Amino acid sequence: MSTQTPAPASGAASAGPATGRRAADPIPDRIRAKHSPRPGTWISAVVVALVVVGLINFLVTNPVFDWPTVATYILDVKVVQGVGWTLLITVLAMVLGTVVALAAAIMRRSENPVLRGVSWAYIFIFRGTPVYTQLVFWGLFTVIVPKIALGVPFGPEWFSFSTRDYFPAFWAAVVGLGLNEGAYLAEIIRSGLNSVDKGQTEASKALGMGNGNILRRIIIPQAMRVIVPPLGNETIGMLKTTSLVLAVPFTLDLTFATNAISNKLYAPIPLLIVAAIWYLAITSVLMVGQFFLERYFGRGFDDRPGGAAPKRSRQSAVNNSGTTPKDSLPEVEL
Amino acid sequence: MTHAATPDPAATPDPAATGDSAATRDPAAAGSAPAAPLIQLEGIHKAFGDLHVLKDCELSVAPGEVTVLIGPSGSGKSTLLRCINQLEEPTAGRVRIAGVTQGYAEEPLADGRWQKLPSAEIARQRSRIGMVFQRFHLFPHMTALANIMEAPIQVLGRSKAEAKESALALLERVGLSDRADHYPSELSGGQQQRVAIARALAMEPELMLFDEPTSALDPELVAEVLAVLKELAEGGMTMIVVTHEMGFAREVADRVVFMDEGMIVEQGTAQELIESPKSDRLQDFLASVL
């Protein structure tokens with residue numbers, strides 16, 4: 001430190017010996033601003049503080065919440081296992097849903113009318129019926145379809161297996177939630193794919209890239225930027241929807257575990273609080289994951305000093321609004 | 001070259017049709033070693049619904065020739081350019097590159113219809129034609145280097161190392177070696193357009209199409225892009241350039257083609273067209289841009 005201090009001092013001295021330290025600032029007479037009064041901030045702070053204090057007092061003093069019971073069961077083996085199962089079902093159902101949705105969204109854009117029709121029918125059925133109904137159906141799948149056989153239709157069978165052996169309640173829950181979610185995600189992914197500037201497809205085509213490569217390398221990575229925020233939303237929604245797997249019936253998830261304990265204790269409220277705390281904790285973890293996903297797929301989009309980017313996004317916004325007639329005009333020349 | 005011989009009976013009317021304007025090359029064509037045209041546009045029409053955008057356009061471009069397309073807004077210049085690499089399908093007429101019909105089989109079917117080529121074959125035809133767009137259309141999620149490497153790896157099956165080596169060489173050629181790891185959003189318009197040119201060149205195209213490459217640029221950035229175009233032209237690249245830069249046309253173009261209302265009105269050397277325009281419409285146009 002002692003060897004470094006003379007250097008800046010001599011530099012400052014040569015720049016402006018008379019003014020000393022002030023010379024380091026290249027902008028003279030900086031404005032030292034005083035905010036105009038904002039009484040609203042203070043009034044709202046006082047009101048909110050009073051409400052929060054009251055709420056805390058209510059939570060602590062009201063015996064109904066029974067905090068000792070909450071403390072006892074927050075790390076109960078059944079509860080923690082329930083958290084694990086809930087998380088596992090959430091992740092697997094979202095993975096299944098995303099894969100199915102991507103396929104449905106791409107089929108919906110296809111030139112093949114058969115694929116478009118299949119996609120439309122899938123979305124129509126799975127979005128149009130309650131997820132509870134679908135979960136009951138998947139729970140009964142082994143009754144409806146006791147045996148799956150591969151062979152010539154109406155002819156000989158090559159092999160067959162009993163669905164009961166391979167389709168336990170856990171997978172019924174994952175498949176039920178995943179296929180339901182896929183129908184919603186398909187629309188999100190479709191709008192994400194449509195949000196990518198058409199110029200990207202044209203530029204890729206002009207380079208001789210095939211449709212598969214264009215989708216995989218150019219369109220989907222850019223669409224992800226638009227898809228990830230609602231996908232995070234859907235994941236958090238899915239976390240809570242897993243409480244419906246009781247319909248299958250799958251009985252190891254968080255809600256079922258806390259309900260079972262509260263029925264045993266005749267103490268519903270503290271166990272509801274246990275469940276709520278865990279759902280909040282998992283949501284917080286998922287939000288961290290979403291942050292990193294958004295940052296990854298936002299690369300190249302963050303800072304845009306280039307003059308072109310804002311105009312392009314404005315044009316694509318105009319196109320996406322659907323208020324302009326499709327293909328009614330040729331490429332306009334400036 | 002061998003393909004060029006087969007459609008000869010059909011092709012012979014073309015030089016006659018465009019002959020008077022392409023005066024400089026006609027004597028050569030009449031000689032013993034005719035330069036087979038690299039690009040032939042035969043009777044191209046394009047209609048978007050009721051809007052008749054291109055009307056019977058005939059154009060023939062020799063290898064190594066630099067053609068500049070000029071004309072007022074909405075005259076069909078860009079549409080004609082986009083027909084060459086099949087970003088637009090002509091409503092009528094044929095596009096031939098090196099004698100090969102683009103997008104369709106060489107001969108009509110028995111019932112008079114034309115068999116469309118499969119999309120993989122169309123992609124292969126496009127891969128031999130480089131295109132540079134007015135709005136660059138770089139891939140925003142990839143660095144400049146990755147933008148250039150993408151198509152050689154995906155389309156030509158080059159190895160990563162190979163693609164990187166030639167991409168770096170191309171970046172140096174357009175003067176952007178120090179910007180290899182920048183995303184497009186971190187580059188100026190002129191730099192983006194130079195990366196876009198390098199990206200097209202990475203496919204080692206037989207010809208390059210430029211669709212108003214400087215129209216989206218701030219005036220002080222136009223020169224750096226035109227310099228790259230000029231260097232390409234001097235290197236013998238066959239180019240069609242849609243532009244409003246008359247200075248560039250005068251300096252670099254072997255031939256200037258003037259379009260108006262979907263028709264090719266006049267064509268000739270830059271000197272002929274700009275100094276002594278024949279048609280009233282070209283005179284009006286030049287008066288408005290010069």
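In this text, all values refer to a predicted model and were calculated from it rather than measured experimentally.
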Straight-line distance of Met131(B) CE to Leu207(A) CG, nearest 0.5 Å: 11.0 Å
Glu111(A) atom CD: more than 12 heavy-atom contacts under 6.0 Å: no
Toward chain A, the part of Leu87(B) with a non-hydrogen atom under 4.5 Å: side chain
Engaged part of Phe139(B) at the chain A interface, taking heavy atoms whose separation is under 4.5 Å: both
Shortest non-hydrogen separation from Phe301(A) to Pro140(B) and the atoms involved: CZ-CG, 3.4 Å
Flag, side chain of His137(B) to backbone of Ser204(A), donor-acceptor distance under 3.5 Å: no
Val222(B): partners by side-chain contact (heavy atoms from CB on, under 4.5 Å), with sequence neighbours left out: Thr214(B), Leu217(B), Leu226(B), Glu245(B)
Lys164(B) NZ: over 12 foreign heavy atoms closer than 6.0 Å: no
Contact leader toward chain A among Ser127(B), Ala202(B), Ala200(B), Pro152(B), where contacts are heavy-atom pairs under 4.5 Å: Ser127(B)
Among Met142(B), Arg199(B), Arg124(B), residue most engaged with chain A (heavy-atom pairs, under 4.5 Å): Arg199(B)
Shortest non-hydrogen contact from Arg217(A) toward His141(B): O-NE2, 3.0 Å
Main-chain N/O of Leu138(B) paired to Gln200(A) side chain as donor or acceptor, under 3.5 Å: yes
Smallest separation among heavy atoms of Gly300(A) and Ser185(B), with atom names: O-OG, 2.9 Å
Which residues share a side-chain hydrogen bond (donor to acceptor under 3.5 Å, both in side chains) with Ser288(B), sequence neighbours left out: none
Interface moiety of Arg128(B) toward chain A, non-hydrogen atoms closer than 4.5 Å: neither
Contacting region of Gln86(B) [heavy-atom separation from chain A under 4.5 Å]: neither
Glu121(B) atom CD: more than 12 heavy-atom contacts under 6.0 Å: yes
